[in-house]
Every structure is written in C-alpha cells, then in structure tokens.
Amino acid sequence: MSDATSRTATKRATALGAGEFSLPLSSVHKVEADGVQVFYRTAGEANAPVVLLLHGFPTSSFMFRELIPRLANDYRVIAPDLPGFGFTEVPPERKYPYSFDRLALTIDAFTRALKIDHYAIYVFDYGAPTGFRLAMAHPERVTAIVSQNGNAYEEGLGEAWGPIRKYWASPTAENRDILRQSILTAGGTRWQYTDGVANPEIVPPESYTLDTALLERPANKEIQLDLFLDYASNVKLYPKFQEYFRKSKPPLLAIWGKNDPFFVPAGAEAFRKDLPGAQIQFLDTGHFALETHVVEIASAMKDFLETNGVRRQSGESSASR
C-alpha cells in the first residue's frame with residue numbers, strides 16, 4: 001500500500017508540474033504496533049521535527065487532510081488512526097480492550113515502531129486524553145502541545161455531556177441504548193460537525209459522511225459505547241494531567257472552537273491555572289474547528305512552534321526526531 005501510494009503521489013506531482021506547486025503531498029501507510037495494524041498519514045522530510053496529530057471521536061486522521069500539507073514544509077507530520085477508528089485494523093484474535101489506557105499504549109508502540117522519540121503533539125477530543133497519557137509516561141519526548149478542543153479540566157465539559165454522564169453514573173442497557181440511538185447516528189454525527197458553525201453548509205459533507213459510514217461497520221458502535229463509558233477514566237485523571245503540566249511545563253497552545261457544545265471555552269482558559277504562559281486563542285466555530293478554520297490554525301501552530309524552539313536545525317538527523 002505504501003509504495004503504491006507513494007508512486008501515485010509522484011505521478012500526480014509530475015502531471016501537475018511539480019515545479020509550480022510547493023504544497024507537499026501526503027502518503028498513507030500501515031505499520032504493526034501493539035498487535036494492531038495502525039493506518040497513518042504522513043508528509044514532510046524525514047529529518048524534520050515531528051508533529052504527531054491525534055484525532056478524536058468519531059473521526060480519524062482524515063480530519064487532518066487539509067492541515068498536514070500546510071505544516072509539512074517545516075515538519076514531519078504524522079497522523080495515525082486510533083484503534084476503532086478510520087482504517088486502523090485490529091485483528092479479532094487480538095481481543096483488544098477498548099479503553100483510553102489501551103489507546104495510549106498502542107500509540108506509544110506506534111511511535112516506537114516509527115522510531116520517533118521527540119515530537120510535538122496536536123490533541124483534539126479523544127486525542128487529548130490519549131496524548132496526555134503519552135506525555136505523562138514520556139515527558140522528555142514531548143516538545144510542545146497544541147490542544148484544539150482537547151480537554152483536561154472539569155470546567156471544560158459542556159452540557160452536551162449530560163447523557164454520557166448519566167451513562168457513567170448508571171451503565172445500564174437502557175442508558176447505553178439511548179446513546180446508541182442519539183449520538184451514534186448520521187444525524188448525530190453531522191450535528192457534531194455543524195453545531196456552532198455560522199453557516200453549516202460550508203462544512204464539507206465528506207467529513208461527517210465518511211465518519212457515519214465507518215461507524216456503521218459491524219460491532220463498531222459497541223466499541224464506541226465502550227469508549228463512552230471509559231471516558232470517565234479521563235475525568236478521574238484530570239488532576240494527574242494537571243500535575244504533569246505543572247511539573248513538566250510543556251509549551252502549550254489551546255486553540256479552541258468557542259461554540260463547541262462538548263468542550264467549552266472555560267476548558268481552554270483553565271490551562272493557565274497550571275501553565276501561566278499557555279497561549280489561548282478562540283475561533284468563531286464549533287467542535288471540528290479544522291473544517292472551517294484550518295488556515296488560522298495552521299498559521300497559529302507554525303508561529304507557536306517556531307517561538308518555542310520546535311524548528312529544523314542544521315545537522316539534525318532523522319534518528320533524533
């Protein structure tokens with residue numbers, strides 16, 4: 001898959017006239033990590049500083065399709081699909097436990113499989129508790145954090161969490177089915193993309209359409225319901241995440257769709273309690289801010305990373321990144 005995709009990208013660049021285009025092309029690959037075939041998208045030179053992009057629910061690395069090429073002139077950008085999402089494949093015999101602890105262990109194994117031991121991380125939604133676990137386990141590896149609606153504080157949980165909180169308190173079959181019928185539907189997925197967007201019609205339909213199709217795979221909704229239940233473990237870990245922020249002091253940019261019904265602006269502002277130097281920026285959009293504000297987010301990320309020393313250095317080898 002990887003070689004064929006790379007050849008196709010090369011042909012496309014030649015056909016378009018590579019000299020006229022400076023936007024790097026992404027390629028797709030798979031690698032085995034933690035007994036899982038992890039699908040990922042990547043672009044950029046092998047010896048450039050790594051930016052690891054971690055997606056959320058119910059999407060995949062596809063959400064970064066417009067961001068990756070905007071960063072890849074300066075960084076080696078890597079975006080895996082978490083187990084249970086996108087095109088990552090979990091063999092049935094793996095008997096994979098769908099928990100956030102396990103997702104973090106798999107992504108840790110993924111970074112080791114790619115031999116990357118330093119990286120900035122972009123965390124969104126589910127990517128936040130996954131990435132923060134990774135950072136707590138290996139604080140020396142994380143060069144910076146960009147949180148785009150990636151929460152670590154109780155005050156950041158919006159009212160949209162009400163039905164899921166009820167499920168945490170009483171994980172009955174009835175409450176599980178309520179989530180199945182309300183959130184895990186085509187309408188529920190589209191709503192997550194369009195709520196809080198001034199003009200919902202500008203959100204590309206391929207985004208929520210792909211997510212809906214992948215949710216409909218056999219047994220996938222049960223995986224998502226298991227993760228809904230386990231999200232309570234992330235809230236319990238919030239004090240540990242905050243302790244990591246205070247102790248390790250990673251440079252942090254919180255860039256937030258301010259109309260997000262799930263992770264409200266107070267969650268972005270709360271980072272300053274533990275990281276007084278955190279940069280906070282709000283965008284007039286909803287949960288999936290990249291769908292409407294990718295140019296602004298890419299620009300803010302580049303400025304932030306450059307300011308905090310995450311840049312290419314002469315003589316830097318690919319093994320060190």
Side-chain angles (χ1 to χ4, degrees), residues 51-57 63 100-101 103-104 119-139 141-166 168-169 192 195-197 227-228 230-290 292-293 296-297 300-301 303-305 307-308 310:
V51 178
L52 181 66
L53 308 177
L54 299 178
H55 69 82
F57 168 84
M63 71 170 282
F100 286 89
D101 282 347
L103 295 184
Y119 40 83
I121 53 174
Y122 178 116
V123 297
F124 164 73
D125 190 83
Y126 280 11
T130 303
F132 294 154
R133 279 172 169 82
L134 206 62
M136 287 196 305
H138 307 290
R141 297 182 183 178
V142 176
T143 57
I145 297 173
V146 176
S147 177
Q148 187 256 294
N149 297 73
N151 196 54
Y153 295 86
E154 280 269 10
E155 52 263 57
L157 296 174
E159 293 183 3
W161 282 94
I164 298 176
R165 283 185 181 274
K166 184 177 179 181
W168 297 344
Q192 290 182 64
D195 188 73
V197 178
L227 287 170
F228 285 170
D230 191 63
Y231 199 93
S233 71
N234 301 326
V235 179
K236 291 178 182 177
L237 271 181
Y238 282 175
K240 291 291 186 182
F241 295 162
Q242 295 156 20
E243 180 183 3
Y244 156 74
F245 298 146
R246 291 191 299 272
K247 184 176 180 180
S248 296
K249 298 180 175 59
L252 186 139
L253 165 67
I255 187 161
W256 221 261
K258 68 178 183 179
N259 306 322
D260 186 346
F262 292 98
F263 300 118
V264 298
E269 293 164 344
F271 282 110
R272 285 197 175 129
K273 294 193 299 184
D274 300 300
L275 292 168
Q279 297 181 36
I280 313 297
Q281 183 174 342
F282 292 110
L283 303 169
D284 188 15
T285 190
H287 187 59
F288 283 95
L290 281 176
T292 56
H293 288 71
E296 293 87 342
I297 291 172
M301 285 181 68
D303 290 346
F304 165 73
L305 293 171
T307 298
N308 287 282
V310 184

K.L.:
Contact between I121 and V142 at the side-chain level, heavy atoms closer than 4.5 Å - yes or no?
P.N.:
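Counting from C-beta outward, I121 and V142 do come under 4.5 Å.
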K.L.:
Tell me the closest heavy-atom pair linking L134 and A104, and the distance in Å.
P.N.:
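It is CD1-O, 3.8 Å.
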K.L.:
Can you see which heavy atom on M63 is nearest to which on H55, and at what distance?
P.N.:
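Minimum heavy-atom contact is SD-CB, 3.6 Å.
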K.L.:
So N151 and Y238, do their side chains get closer than 4.5 Å, heavy atoms only?
P.N.:
yes
K.L.:
With side chains defined as the heavy atoms from C-beta onward, is the minimum distance between I145 and F271 less than 4.5 Å?
P.N.:
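Side chain of I145 against side chain of F271, heavy atoms only: no contact under 4.5 Å found.
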K.L.:
Please round to the nearest 0.5 Å and tell me the distance separating atom CG of L253 and atom CG of D303.
P.N.:
9.5 Å
K.L.:
Should K273 and E154 count as an ion pair when the cut-off is N to O under 4.0 Å?
P.N.:
no
K.L.:
Rounded to the nearest 0.5 Å, what separates atom CG in N149 from atom CG in D260?
P.N.:
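Between N149 CG and D260 CG, I get 4.5 Å after rounding to 0.5 Å.
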K.L.:
Which label fits F263 and W161: parallel for a plane angle under 30°, tilted from 30 to 60°, or perpendicular past 60°?
P.N.:
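Answer is tilted, since the angle falls between 30° and 60°.
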K.L.:
So, do V146 and F304 sit near enough that their side-chain heavy atoms are less than 4.5 Å apart?
P.N.:
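Yes, their side chains come closer than 4.5 Å.
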K.L.:
Measuring from atom CG of L290 to atom CD of Q148, what distance do you get when rounded to the nearest 0.5 angstrom?
P.N.:
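Taking CG in L290 and CD in Q148, the distance rounds to 5.0 Å.
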K.L.:
Taking the six-membered ring for Trp, is the centroid-to-centroid distance between Y244 and F132 below 6.0 Å?
P.N.:
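Distance test on ring centres: not under 6.0 Å, no.
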K.L.:
When you check the side-chain N and O atoms of N259 and D284, is any donor under 3.5 Å from an acceptor?
P.N.:
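A pair is found: one side chain offers a donor N or O, the other an acceptor, under 3.5 Å apart.
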K.L.:
Heavy atoms only: give me the nearest A254-A268 pair and the separation to one decimal.
P.N.:
CB-CB, 4.1 Å
K.L.:
For G127 and V123, work out which heavy atoms get closest and say how close.
P.N.:
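Minimum heavy-atom separation between G127 and V123: O-CG1, 3.4 Å.
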K.L.:
Just by distance, with hydrogens left out, do N234 and Y126 show a side-chain donor and acceptor under 3.5 Å apart?
P.N.:
no
K.L.:
If you define the side chain from C-beta out and look only at heavy atoms, does anything of H293 sit under 4.5 Å from I255?
P.N.:
no
K.L.:
Quick check: closest heavy atoms across S248 and P139, and the distance to 0.1 Å?
P.N.:
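Between these two residues, the closest heavy atoms are OG-CB, 3.4 Å.
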K.L.:
Distance from L54 atom CG to S147 atom OG, nearest 0.5 Å?
P.N.:
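Going from the CG atom of L54 to the OG atom of S147 covers 11.0 Å.
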K.L.:
Given 3.5 Å as the limit, does a donor-acceptor pair link the side chain of T143 with the main chain of A120, or not?
P.N.:
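Looks like yes, one N/O pair under 3.5 Å.
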K.L.:
What is the minimum heavy-atom distance between E155 and A270, and which atoms define it?
P.N.:
OE2-CB, 3.7 Å
K.L.:
Is there a side-chain contact between L237 and F100 (heavy atoms, below 4.5 Å)?
P.N.:
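L237 vs F100: side chains apart.
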K.L.:
Using only atom types and a distance under 3.5 Å, with no angle test, would you say the side chain of D125 pairs donor to acceptor with the backbone of F57?
P.N.:
yes
K.L.:
Determine whether P251 and L305 make a side-chain contact, defined as any pair of heavy atoms from C-beta on separated by less than 4.5 Å.
P.N.:
no
K.L.:
Quick one: pull up CG in D101 and CZ in R133 and give me the separation to the nearest 0.5 Å.
P.N.:
4.5 Å
K.L.:
Of the options R246, K240, K249, which is the one that meets D274 in a salt bridge (charged side-chain N to carboxylate O under 4.0 Å, His left out)?
P.N.:
R246
K.L.:
To the nearest 0.5 Å, how far apart are CH2 in W256 and NE2 in H287?
P.N.:
10.0 Å
K.L.:
Would you say Q279 and N308 make side-chain contact, with heavy atoms under 4.5 Å?
P.N.:
yes
K.L.:
So, do Y153 and F241 have ring centers that fall under 6.0 Å from each other?
P.N.:
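Ring centroids of Y153 and F241 are no less than 6.0 Å from each other.
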K.L.:
Run the side-chain contact (heavy atoms from CB on, under 4.5 Å) test on Q192 and F262 for me, step by step, so that the C-alpha distance in whole Å, both residues' side-chain angles and the decisive distance to 0.1 Å come before the verdict.
P.N.:
CA-CA 9 Å; Q192 290 182 64; F262 292 98; 3.9 Å; yes
